[in-house]
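Residue numbers run from 1 in the order of the sequence given.
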Amino acid sequence: MRPTRGGESPAASAAARLTRLGSLLREGSIDELPTLWKVLRGDMSLVGPRPLLMQYLTRHTPEQARRHLVKPGMTGWTQVNGRNSISWDDKLALDVWYVDHQSLMLDFKILAMTILKVLRRDGISAAGCATMPEFFGSVDNHTQPAVAHDH
């Protein structure tokens, strides 16, 4: 990505700032190689909820905040069930579902599904965005978002 220009919001302009090379790296998930270093250092896991921006922490409902009960991962249940093509509420609900159902077998399943997703280039970005629009919190904290069923 190119740097932001004066008065330009990083989140709002992400799609416009993405270069051709950045697009190719993103489509092939090659941009994830630095994250692999974090896994090797032990700061992250291969499987778990993807880390989000620090400013999002105060925007989670108590239920959504449960996603932080496990180590963040390079890939996760959310990534194989929609990645960036689903809403924030659905993404966070899938992260919490993973926290409640995590197992070694589920992790192997997620890793296999991730390989297929990367090869198919599914759900790389939300419509009109380089990745996802900024998360400002849930619209209605009293409704339960849809959760993908175990495949």
To the closest 0.5 Å, what do you measure between [atom1] ([X]) and [atom2] ([Y])?
| X | Y | atom1 | atom2 | answer |
| --- | --- | --- | --- | --- |
| Arg41 | Trp37 | CZ | CH2 | 7.0 Å |
| Asp95 | Asp90 | CG | CG | 11.0 Å |
| Arg120 | Met113 | CZ | CE | 9.0 Å |
| Thr35 | Leu46 | OG1 | CG | 11.0 Å |
| Glu63 | Thr61 | CD | OG1 | 6.5 Å |

Is there a side-chain contact between [X] and [Y], using heavy atoms and a 4.5 Å cut-off?
| X | Y | result |
| --- | --- | --- |
| Pro51 | Met44 | yes |
| Lys117 | Gln79 | no |
| Lys91 | Arg83 | no |
| Leu94 | Asp89 | no |
| Leu111 | Val47 | yes |

Report task. Would you check if the side chain of Arg50 reaches a backbone N or O of Pro72 as a donor-acceptor pair within less than 3.5 Å? Result ->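 Between the backbone of Pro72 and the side chain of Arg50 there is no qualifying donor-acceptor contact (under 3.5 Å).
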Query raised in the report: Does any pair with a residue in residues 72-81 pass salt bridge (Lys or Arg N to Asp or Glu O under 4.0 Å), and if so which ones, sequence neighbours excluded?
Result: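 Of all non-adjacent pairs touching residues 72-81, none passes salt bridge (Lys or Arg N to Asp or Glu O under 4.0 Å).
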Query raised in the report: Going by side-chain heavy atoms closer than 4.5 Å, which hydrophobic residues are tied to Met54, directly or by a chain of links?
Result: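 Besides Met54, the cluster holds Leu57.
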Requested in this report: Could you identify which residues cluster with Phe136, counting Ile, Leu, Val, Met, Phe, Trp and Tyr as linked when any side-chain heavy atoms lie under 4.5 Å apart, either directly or through a chain of such contacts?
Outcome: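 For Phe136, no cluster forms, as it stays isolated from other hydrophobic side chains.
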Requested in this report: Provide the closest heavy-atom pair for Met74 versus Val39 in the form atom of the first, atom of the second, distance.
Outcome: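 Smallest interatomic distance, heavy atoms only, reads CG-CG2, 3.6 Å.
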Query raised in the report: Do the charged groups of Lys38 and Asp43 touch, with an N to O distance under 4.0 Å?
Result: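 Salt bridge between Lys38 and Asp43, a charged N being under 4.0 Å from a carboxylate O: no.
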Query - For Ser45, all residues meeting side chain to side chain donor-acceptor pair (under 3.5 Å), sequence neighbours excluded - result: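 In terms of side chain to side chain donor-acceptor pair (under 3.5 Å), with neighbours along the sequence ignored, Ser45 is linked to no residue.
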Requested in this report: Please identify each residue that fulfils side chain to side chain contact (heavy atoms under 4.5 Å, CB included) with Ser103, with sequence neighbours left out.
Outcome: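 Only Met105, Leu106 meet the side chain to side chain contact (heavy atoms under 4.5 Å, CB included) criterion with Ser103.
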**Report entry** side chain to side chain contact (heavy atoms under 4.5 Å, CB included) partners for Leu69, two or more places apart
**Finding:**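 Partners of Leu69 under the side chain to side chain contact (heavy atoms under 4.5 Å, CB included) test: Arg66, Val99.
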Query raised in the report: In terms of side-chain heavy atoms, does Asn81 have a donor or acceptor partner in Tyr98 at a distance below 3.5 Å?
Result: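 Note: Asn81 and Tyr98 side chains miss the donor-acceptor criterion.
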Report task. Please check if Val70 and Trp77 belong to a single hydrophobic cluster, counting links between Ile, Leu, Val, Met, Phe, Trp and Tyr side chain heavy atoms closer than 4.5 Å. Result ->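 Same hydrophobic cluster.
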Query raised in the report: Which of parallel (below 30°), tilted (30 to 60°) and perpendicular (above 60°) describes Trp88 and Phe135?
Result: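 Plane angle between 30° and 60°, so tilted.
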Query raised in the report: Does the pair Gln64 and Arg59 meet the rule for a side chain to side chain contact (heavy atoms under 4.5 Å, CB included), with working shown?
Result: CA-CA 9 Å; Gln64 292 167 343; Arg59 300 174 187 175; over 6 Å; no
